[in-house]
Number of protein chains: 2
Amino acid sequence: MPSKSRSDPKPAEVADRLHSAAIHLLRRLRRVDEASGLSAPKLSALSVVVFAGPIRLGDLAAAEQIRPPSMTRIVQQLESQGVVRREPDPGDGRATRIAATPKGHRLLKQGRGRRVNLLVEWLGGLDTADIHKLEKGLVVLEQLLKK
Amino acid sequence: MPSKSRSDPKPAEVADRLHSAAIHLLRRLRRVDEASGLSAPKLSALSVVVFAGPIRLGDLAAAEQIRPPSMTRIVQQLESQGVVRREPDPGDGRATRIAATPKGHRLLKQGRGRRVNLLVEWLGGLDTADIHKLEKGLVVLEQLLKK
DNA sequence: TATATTTAGTTAGCGCAGCTAATTAAATGG
DNA sequence: CCATTTAATTAGCTGCGCTAACTAAATATA
């Protein structure tokens, strides 16, 4: 069992640091992800489409926690880049379903490769234990974000 | 999909999840922070100014990892809201130094309080062990971002 | 010393991503 | 059959990142 921290972290401090870390992480990843031609929000949306299969626009917006009009624009751009396509919803004439094209699958894979390369570079000086710590913190964060 | 922390997490997966978590965290915090009249980037910059004392614009931009023109605009808005002021750099006529006003200190404190309240709400279902995990992951992340 | 170069910051102008309000078209219900 | 609700889009706003080009001050050099 790994040693516990000596004192309980103050929520105020954790909140601040989490906020700051998220901002700086995204500012960095932005540059890497640019190489794919897809911004962070587009990559994130594409990831959901690839993973969650054909999905309605409204559901995709909800999953990404943005409003439908914002998702409409993102999908339009993804479509014009040929990484997703729209198909009519079989059971509902108002809705469209968003699906990833083969190019979309390929592009996401490549983008992931780039981030991994960067991360591997970053992780250069870290040992396995630190990676585990990072992953465990991530699990907690993901739980928080699900609610 | 989270992996078991038993096995070594794949960097590819960790990279993806970190990316996604950062995006979703910021989208949420954005709404909370709006109440302070300061966006996430402004709060982040103000935090550096409050913490690192009077600081030159270029250094502030570097600390925030954005370009000087972007920081110029942020500082202008912070100034017009009365939370920072500019003073001439004693030793360099080209440079200005950015300092936080009392109002700036106060506002940052209030904003922190709001985020803490939100976090406390989020943390409602979590135990101390989870908070520790989150904090430890954060330490690792912060190390990565320092480089 | 006088001129050239470098450096700090700003201005101008672009693109992307969020939002709300209003619109269109399809589904649903009285 | 018409009224209401729902899915998505369009229009238009704001904020924040960027590069390119400019001004002014500091520094280096002939």
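Chain A is the first sequence line, chain B the second, and so forth, proteins listed ahead of strands; every chain is numbered from 1.
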J.: Between D/dC16, C/dC16, C/dC19, which one does the side chain of A/Arg67 approach most closely?
T.: C/dC19
J.: Could you go through nucleotides 9-13 of chain C and list every protein N or O atom that sits under 3.5 Å from one of its N or O atoms, giving the distance for each pair?
T.:
| from | atom 1 | to | atom 2 | distance (Å) |
| --- | --- | --- | --- | --- |
| C/dG9 | OP1 | B/Leu57 | N | 3.4 |
| C/dG9 | OP1 | B/Thr96 | N | 3.4 |
| C/dG9 | OP1 | B/Thr96 | O | 3.4 |
| C/dG9 | OP2 | B/Gly58 | N | 2.8 |
| C/dT10 | OP1 | B/Arg86 | NH2 | 2.1 |
| C/dT10 | OP2 | B/Thr72 | OG1 | 2.5 |
| C/dT11 | OP2 | B/Gln76 | NE2 | 2.9 |
| C/dG13 | O6 | B/Arg73 | NH2 | 3.4 |

J.: Between B/Glu64 (CD) and D/dC18 (P), how many Å, whole number?
T.: 11 Å
J.: Remember a base hit wins even if backbone is also touched, and classify B/Asp92 as base, sugar-phosphate or nothing at under 4.0 Å, heavy atoms.
T.: sugar-phosphate
J.: Over how many whole Å does the gap from B/Leu43 atom CG to D/dG15 atom C1' extend?
T.: 14 Å
J.: Closer than 4.0 Å, any side-chain N/O of A/Gln77 to the OP1 or OP2 of C/dG15?
T.: no
J.: Atom CG of B/Leu26 to atom P of D/dC16: distance rounded to whole Å?
T.: 13 Å
J.: Please state whether the phosphate of C/dC19, meaning OP1 or OP2, lies under 4.0 angstrom from any side-chain nitrogen or oxygen of A/Ser70.
T.: yes
J.: Could you give the CD1-to-C1' distance, from A/Ile66 to C/dA17, as a whole number of Å?
T.: 8 Å
J.: In whole Å, I'd like the distance from the CD1 atom of A/Ile23 to the C1' atom of D/dG15.
T.: 13 Å
J.: Does A/Lys136 use its side chain to pair, donor to acceptor, with the backbone of B/Lys136 at less than 3.5 Å?
T.: no
J.: Without swapping roles, check the side chain of B/Ser44 against the backbone of B/Ala40 for a donor-acceptor pair under 3.5 Å.
T.: no
J.: Distance check needed: D/dC16 P versus B/Leu46 CG, whole Å only.
T.: 13 Å
J.: Check this one for me: any side-chain N or O of B/Lys42 less than 4.0 Å away from OP1 or OP2 of D/dC16?
T.: yes
J.: Would one find a side-chain N or O of A/Gln65 under 4.0 angstrom from OP1 or OP2 of C/dG18?
T.: no
J.: Does a side-chain heavy-atom distance below 4.5 Å link A/Leu134 with B/Leu144?
T.: yes
J.: Grab the CD-C1' distance between A/Glu87 and D/dA8 for me, whole Å please.
T.: 16 Å
J.: Looking only at atom types and distance, does a side-chain atom of B/Thr101 sit under 3.5 Å from a main-chain N or O of B/Val83, one as donor and one as acceptor?
T.: yes
J.: Out of A/Gln65, A/Glu64, A/Glu142, which one pairs with B/His24 under the side-chain hydrogen bond (donor to acceptor under 3.5 Å, both in side chains) rule?
T.: A/Glu64
J.: Do the side chain of B/His19 and the main chain of B/Ala15 share a donor and acceptor less than 3.5 angstrom apart?
T.: no
J.: Can you see if the side chain of B/Arg30 gets near the phosphate of C/dG18 - specifically, an N or O under 4.0 Å from OP1 or OP2?
T.: no
J.: Taking only residues two or more places apart in sequence or in another chain, which ones pass salt bridge (Lys or Arg N to Asp or Glu O under 4.0 Å) with A/Asp130?
T.: A/Lys133
J.: For the pair made of CD1 in A/Ile74 and C1' in C/dG15, what is the distance, rounded to whole Å?
T.: 14 Å
